[in-house]
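So you know, we letter chains A, B, ... as the sequences are listed, proteins then strands, and number each from 1.
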Amino acid sequence: MSAIAIKYNDEIVDLASAEERGIEGEEIELDNSPESLDVLRHSTAHLMAQAIKSLYPDAEFYVGPTVKEGFYYDFKTESEIGEGDLKKIEKQMLSFAKKKYKIEKYTISMDEAKEKFKDDHLKLSVMERIKDDTVSIYKQGEFEDLCRGPHLPTIGLIRYFKLTKIAGAYLGGDSKNEMLTRIYGIAFADKESLKNHMTMLAEAAKRDHRKIGNEMKLFTFREEVGAGFPIWLPAGGRLRARLESLLFKAHRKRGYEPVRGPEMLRADLWKTSGHYQNYGENMYFTHIDDIEFGVKPMNCVGHIKVYEDELHSYRDLPIKYFEYGVVHRHEMTGALHGLFRVREFTQDDAHIFCTVDQIEEQIIEVVDFVDKIMTTFDFKYNMTISTKPEKAVGDAEVWEKSEAALVSAMEKHNLPYTIDEGGGAFYGPKIDIKILDAIGREWQCGTIQLDNNLPERFELEYNGEDNEKIQPVMIHRAILGSFERFIGILTEHYAGEFPMFIAPTQVAIVPVAETHKEYAKLLSDKLIDINADSEIYAKNDSLNKRIRTAEKTRVPMIVVIGDEEIENKTISIRDRRTREQYIISEEEFLTLIQTKVNEVNF
RNA sequence: GCCGACAUAGCUCAGUUGGCUAGAGCAGCUGAUUUGUAAUCAGCAGGCCCGGGGUUCAAAUCCUCGUGUCGGCACCA
């Protein structure tokens, strides 16, 4: 196989450019290495543009880069293009590829380029952003495109690709601009890899929490209830209750006090907090008599009112309040997505009021808490520290100390983290926790934010050693983020195969015949005593059918009860995943379940 | 919010170029069967075809305005 590009000082240079510049380097062949795929996909994007141009001659093109999941090209045409047209474009691409046009490169001056693309206002706007005097053009057959490269030597090398999605995208990613059509695609060096990729996508679709949530009857949405308002069904309710109760204990152990603020608070309070001015667009407001109220989008104000309920001494700090806080936010319709983005959700929210000197130890504790939870669920995660932005309020020294405390907490725990310079909120630096699920997708969940702004606005204080009034630091933190999103992620992470300690139902009991029903009920009661939920499958169906039904609910353990079991006080267990069966004594069984249900402590 | 697609029974889906009483499987109900590890048999019931307006002799089907869902964009736990 011959080279498609070379690597020159870590830069990938295509053959045409290498010749132009007279450089040599390590040869890159057409395979599935990241470098090779990048070139291949970039050229596939151009091939797609070529096909689009031939099918829709009025099409104008913006940019067509490669991205993590393949490539896309943004363009505009008067014709309406829908999902059904992707096949047509693919076909056209293949027919061009068969012609094996060479991809030729030449360089022209910016002025020449502007003349060449004078009918394409999108290309012109691309050129607006290029500062160089010359630009390169890549040409394949009749089709020419302004591009920096690198590209394959010929489009004949493109064979294994697929157009995956069609969607709208704002020009330049700015919602103030016009909307273009974007087509996404993927390409590989060989057929097998493309096939594997498509299989992988299908696997990911099978894990979709919306699909599994429906199948397992965890939650539902209804048009008449309203977009973005989830309804928790019994099975989801049980799962969620287990998670809540585990987490409740974990908070108590760490000295958090459960509190609860009201759902709506007077609008004036939101003016004091600044939410009215800065977040009002996302809030829901109503009136009671003549007074305006705002439904809480966050729980901090409620917790501040708890703090204000009594005077505090420096000896009391840190003070930690937590609440499974229901919040409402006006998310835009297009943003709603299953349990991942909803308009009403419950945060595992807590606020820590502490002294500046206590920040570091508090952060360490929270980070440790996060670690416990994430490891329990087999999540890999990484953290990002966001530092002081340009527009910031508060004392410079406190900012410095706060940031240092965050970094130091990471370092001391030897945790990997990245820094987002200037990415913090205007009121304080923060740590975002991003988790990686079983199939490598990244999710933003928890967050730890330092806040000097709200204590200032509400004039919070505690008495110091010399009885002086000192303003405490407030730490906002959520670990799961929200029960909704976290359970959605868990569902996809486990593909619905929840571990015993969180599963909606721990055990399915299948009595062989009607005479065994009574015994099944006794066993079920014993399970409740050890905090395990079970369901008895005693319907008038064949044994096989009932086992099948139980299997389909994804319950971790199925036990079959018949004469033999009752006589010998044994349990016949069927493991869902391995489909293996084994028999143990009832006592062993109950111990086993109890261990599995209680093995987790955050 | 924007671009595009979609909406038929509790669920998953058929429904021809507009044309008789809108179908199937699963789930549900009734009955028979009482079962030893992934679907026993028979019968019954279930629909304002997302909602409002319109075109037409005739609309699940065409147009239009809503609502909801999906894929992205933009925005975010």
Identify all side-chain donor-acceptor contacts of residues 51-61 of chain A below 3.5 Å with residues at least two apart in sequence or on another chain.
from     : atom 1 : to        : atom 2 : distance (Å)
Lys53(A) : NZ     : Pro57(A)  : O      : 3.0
Lys53(A) : NZ     : Ala59(A)  : O      : 3.0
Ser54(A) : OG     : Ala51(A)  : O      : 3.0
Ser54(A) : OG     : Gln92(A)  : NE2    : 2.6
Tyr56(A) : OH     : Lys88(A)  : NZ     : 3.4
Asp58(A) : OD1    : Thr77(A)  : OG1    : 2.8
Asp58(A) : OD2    : Thr77(A)  : OG1    : 3.3
Asp58(A) : OD2    : Glu78(A)  : N      : 2.7
Glu60(A) : OE1    : His121(A) : N      : 2.7
Glu60(A) : OE1    : His121(A) : ND1    : 2.5

> With the sugar-phosphate defined as primed atoms, P, OP1 and OP2, and the base as all remaining atoms, what B/S/- string results for nucleotides 25-34 of chain B, 5' to 3', for protein heavy atoms under 4.0 Å?
Replying inline: --SS---BBB
> Taking only residues two or more places apart in sequence or in another chain, which ones pass side-chain hydrogen bond (donor to acceptor under 3.5 Å, both in side chains) with Tyr256(A)?
Replying inline: Arg477(A)
> For Thr384(A), which residues count as a side-chain hydrogen bond (donor to acceptor under 3.5 Å, both in side chains) partner, sequence neighbours excluded?
Replying inline: Thr418(A)
> Got a sec, which residues hit salt bridge (charged side-chain N to carboxylate O under 4.0 Å, His left out) with Glu497(A), two or more places apart in sequence or on another chain?
Replying inline: Arg576(A), Arg577(A)
> Between which residue ranges does RNA chain B form stems of three or more consecutive Watson-Crick or G-U wobble pairs, both distances under 3.5 Å?
Replying inline: B:1-7 with B:67-73, B:10-13 with B:23-26, B:28-32 with B:40-44, B:50-54 with B:62-66
>> Once salt bridge (charged side-chain N to carboxylate O under 4.0 Å, His left out) is applied, do any residues pair with Arg242(A), and if so which ones, sequence neighbours excluded?
In response: Asp533(A)
Side-chain donor-acceptor distances from residues 221-228 of chain A under 3.5 Å, at least two apart:
from      : atom 1 : to        : atom 2 : distance (Å)
Arg222(A) : NH1    : Glu224(A) : OE2    : 3.1

>> Filter on ring pair (Phe, Tyr, Trp, His ring centres under 6.0 Å), then keep only pairs touching residues 557-583 of chain A, sequence neighbours left out; what's left?
In response: none
> Of the residues in residues 553-571 of chain A, which ones touch RNA chain B at a heavy-atom distance under 4.0 Å?
Replying inline: Val560(A), Gly562(A), Asp563(A), Glu564(A), Glu565(A)
>> Please enumerate all residues that pass side-chain hydrogen bond (donor to acceptor under 3.5 Å, both in side chains) together with Tyr62(A), with sequence neighbours excluded.
In response: none
> Could you give all pairs that pass the ring pair (Phe, Tyr, Trp, His ring centres under 6.0 Å) test and reach residues 429-451 of chain A, with sequence neighbours left out?
Replying inline: Phe340(A)-Trp443(A)
